[in-house]
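Here is the structure we will look at, set down as C-alpha cells.
Note that these values count all heavy atoms, side chains included, but never hydrogens, waters or copies made by symmetry. So that the names make sense, note that chain A is the first sequence line, chain B the second, and so on, each numbered from 1.
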Amino acid sequence: MRFGLCCIFIEEPIRFRTTTAKALAGLPRPEQYARLSDICCENARSLLRAVQTVHSLGIGAFRVTTPFFPRYTHPEVGYTLEELPGGEEIRSLLAEVAQLRSRLNIRLSFHPDQFVSISSLRDEVVRKSLAELEYQGLVAELIGADVITIHAGGRQGGKEATLQRFQANFPLLSERVRSRLALENDDISYTVKDLLPVCEQLDIPLVYDVHHHRCNPDGLTVEEATRHAMATWRCHGREPWVHISSRRNSWGEGNPRLHADYIDPDDFPGCWQGLELTIDVEAKAKELAVRRLMLVLGLS
DNA sequence: GCATGTCAAGTTGTG
DNA sequence: CACAACTTGACATGC
C-alpha cells in the first residue's frame, strides 16, 4: 500500500502560487508573461521539493494542483511555455521532477475538478474541457504523472445519454491524455456500477472513491466495488488508485460532503489492508492526516 | 498588518 | 428564465 497527498501541505513550508485572469488582464502582454513565468517557475521548484518531501515522509504519491500553470488555457490570458521568458528553465525543472519521482518511486496524478466536463450538452464547455485536459496531459507527460482522474459529469438529458456523450467525445482527446485518463465515481450521480461498463468500453481504469460510494451507494459492497475497480487497472499491469476521506461531522450536521481534517480509522475499509493500492487521502490536515492514518494502520 | 472580499469553473436546484 | 449555491485557497483590496 502506498498513500497519496493531495495538492498542498499544511505544515511543510511548500506553497503553490496562482493568479487570476482579472489580475493579469490589466497588464501589458510582456508583463503578463513575466508574472506567469515567475509563478510557473516557482511552482516547478515547489513540485520538486514536494516530491522530495513526500518521500521523506514515507508518502508514495502526490496529486498536482490544477492551476500549476495558472490560466494556461484561458481564452484571453492563456499562453504556452515557449512564450514565457523562463520557459526553458521551467521545462528543465519539470524534467528534474520526472527524474526524481522515478528514482524515488513517487506516483504523480492530476484531478481536474467538476468544471471539466467532456460530457456536457454545451459544445463550448466540451471544447474548453478538452483544452484543459490537454494542458494537464502536457504537464503530466513532462513530469511523469501517470493518471488524470475526472468525473463523468452532470445528468443533462439523463445519465445514460450523458455517458454516451462522454464516450463519443473521448476519442477527441490526444493519446497523451487518453492513456492517462481515469474515471472516478462521484457522490451525487455516477456510481461504480454506472461507470464500469464505460471504463470497459473505453479501456480506461476506474478510480474508486469509497467516501463517494458511501454517499451515493449502488448495491455493491465496498469489497465488491474495490475488486471491480482494481480489475480495471490490473488488466493493464498498473497499480490501482483509490480515494479515501471522512465526512466532517459524524452526526450529519452541515454538509456531509465536506471533508474532515483527518481520516476516521473506522472509515478505512478493512478489505484494503495489504492490497497493492495507491490510496489518495483527501483530508484538510493534508500531510498530517496521511501520517496519522499510516500510524493508526501500523504502517509507519 | 490584518480582515474581508474576490476569483475560477459547470451544474443543479430554487425562486 | 435568472441566479444563488456549491468548493477552495490564494490573491487582491481596503482599512
Is any side-chain heavy atom of A:Glu12 closer than 4.5 Å to a side-chain heavy atom of A:Leu57?
yes

How close or far is atom [atom2] of [N] from atom [atom1] of [X], stated in whole angstroms?
X	N	atom1	atom2	value
A:His111	C:dT7	NE2	P	14 Å
A:Phe110	B:dA9	CZ	C1'	18 Å
A:His259	C:dT8	NE2	P	7 Å
A:Arg35	C:dC11	CZ	P	8 Å
A:Phe68	C:dG9	CZ	C1'	17 Å
A:Ile188	B:dG10	CD1	P	16 Å
A:Asp261	C:dG9	CG	P	10 Å

Taking only Lys NZ, Arg NE, NH1 and NH2, and the carboxylate oxygens of Asp or Glu, determine whether A:Arg45 and A:Glu42 approach each other closer than 4.0 Å.
no

Pair A:Arg107 + A:Asp146, salt bridge at N-O below 4.0 Å
yes

Once side chain to side chain contact (heavy atoms under 4.5 Å, CB included) is applied, do any residues pair with A:Val126, and if so which ones, sequence neighbours excluded?
A:Ser120, A:Leu130, A:Asn169

For nucleotides 13-15 of chain B, give me every protein contact, N/O to N/O, under 3.5 Å, one pair per line with atom names.
| unit_1 | atom_1 | unit_2 | atom_2 | d |
| --- | --- | --- | --- | --- |
| B:dG13 | OP1 | A:Arg155 | NH2 | 3.3 |

Short side-chain to backbone donor-acceptor contact, A:Asp187 and A:Cys215, under 3.5 Å
no

Give the residues of [range] touching DNA chain C, defined as any heavy atom closer than 4.0 Å, sorted by residue number.
range	answer
residues 38-49 of chain A	none
residues 113-137 of chain A	none
residues 9-21 of chain A	A:Arg15, A:Phe16, A:Arg17, A:Thr18, A:Thr19

Sequence neighbours excluded - salt bridge (Lys or Arg N to Asp or Glu O under 4.0 Å) pairs with any residue from residues 210-228 of chain A
none

What does A:Lys286 touch in the nucleic acid at a heavy-atom separation under 4.0 angstrom: a base, only the sugar-phosphate, or nothing?
nothing

Between A:Pro240 and A:Trp233 the two heavy atoms that sit nearest each other are CA-CG, 3.4 Å

State, to 0.1 Å, how close A:Val192 and A:Leu206 come at their nearest heavy-atom pair, and which atoms those are.
O-CD1, 4.0 Å

With A:Phe62, which of A:Phe110, A:Phe68, A:Phe9, A:Phe3 fulfils ring pair (Phe, Tyr, Trp, His ring centres under 6.0 Å)?
A:Phe9

Mind checking whether A:His212 and A:His151 have parallel, tilted or perpendicular rings, split at 30° and 60°?
tilted

Between A:Leu24 and A:Ile8, whichever has its closest DNA chain C nucleotide further toward 5' is A:Ile8

Checking A:Thr191 against A:Asn216: is there a side-chain donor and acceptor pair closer than 3.5 Å?
no

Side-chain donor-acceptor pair present, A:Glu184, A:Thr149, cut-off under 3.5 Å:
no

Output the single nucleotide from C:dT8, B:dT11, B:dA9 whose closest atom is nearest the side chain of A:His74.
B:dA9

I'd like to know whether the aromatic ring centres of A:His243 and A:His213 sit less than 6.0 Å apart in this structure.
no

Please walk me through it: do A:Tyr79 and A:Tyr72 pass ring pair (Phe, Tyr, Trp, His ring centres under 6.0 Å)?
CA-CA 6 Å; A:Tyr79 54 98; A:Tyr72 188 87; 5.1 Å; yes

